[in-house]
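Worksheet for the structure shown next.
Atoms within a ligand are numbered from 1 in the order they appear, just like the ligands themselves. Here the structure is a predicted model, which means the values were calculated and not measured.
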Amino acid sequence: MKKPFVIAIDGPAASGKGSLAKKLAEYLNFDFLDTGALYRRVALYVLKQGIALDNTEKIIKAAQEFQKNLSEPYDDATLRRDNVGNAASHIAQIPEIRQILFDFQQNFAQNAKKGAVLDGRDIGTVICPDADLKLFITASTEKRAQRRHKELHSRGLDVKYEAVLAEMQERDNRDNVRLKDHMRPDIDNHLIDTSDMGPDEVFQKALDIYNSSSR
Ligand code: DC
């Protein structure tokens, strides 16, 4: 049986990697996995149980319990909330949590029918180091904060840009410290800086890279 074609898409928060991954998967008729949503779902479960974010032991136990639900459908809107994102960023620092989610992600990629697109932070380095195509999507912190600010406003949330920027910087620092060996825009990646690009342009660029590299 032919191995599925795996596309790994990594990059920082609000870089546009999620929308790109979804669009590419739809266009190519590949399976799609938002791996950040896995961390967010575990985080939401932890929050709902009232577990403190510094209680590593209880968080690991909760993740072990939650593991069996990973293939279930979920409500994306709830997961997008900032408190859930921040909790996800905290629990993602625990090596046992990353290990619990590792198998699910690898199996997803290996068992895809035609191909799989996975987006996250460590897909090209840890989850699918042998991916057929690796994209690293980035944008300046200010641009990413502007996008997040606009998105929050469109959802009726009156948050100041400065607050969004500060939170983005804090999240970047946490993610960068923890994932410094995993988030590697410098190795066997195609780097796309989306700071001055619209979503259609980013999609076209990624598709061109796919077409010139697909086997
Ligand atoms: O991409 P996102 O904002 O939905 O991710 C939420 C958090 O989960 C993010 O702060 C970092 C973490 N994460 C991770 O550590 N590894 C991944 N593959 C995906 C997300």
With side-chain contact (heavy atoms from CB on, under 4.5 Å) as the test, would you mind laying out the steps for H190 and L133 before giving the verdict? CA-CA 8 Å; H190 295 272; L133 176 62; 3.6 Å; yes

Nearest to atom 5 (O) of ligand 1 by heavy atom, A13, A8, G36: which? G36

Which of the listed options, R98, R121, R171, holds the heavy atom that is closest to atom 15 (O) of ligand 1? R98

Does R174 have a non-hydrogen atom less than 4.0 Å from ligand 1? no

Per-atom filter on ligand 1: closer than 4.0 angstrom to a heavy atom of A92 are 12 (C), 15 (O)

Audit row: E65, Q49, side-chain contact (heavy atoms from CB on, under 4.5 Å) steps and yes/no: CA-CA 12 Å; E65 275 165 28; Q49 307 234 342; 4.1 Å; yes

Parallel, tilted or perpendicular: which fits the ring planes of F5 and F30, with parallel below 30° and perpendicular above 60°? tilted

Looking at R80 and D34, does any basic side-chain N land under 4.0 Å from a carboxylate oxygen? yes

Per-atom contacts, ligand 1 versus K17 - under 4.0 Å to a heavy atom: 1 (O)

As an exercise, identify every atom of ligand 1 less than 4.0 angstrom from a heavy atom of R40. 2 (P), 3 (O), 4 (O), 6 (C)

Among residues two or more places apart or on two chains, list those pairs meeting salt bridge (Lys or Arg N to Asp or Glu O under 4.0 Å) that have a residue in residues 158-172. R144-D172, E170-R174

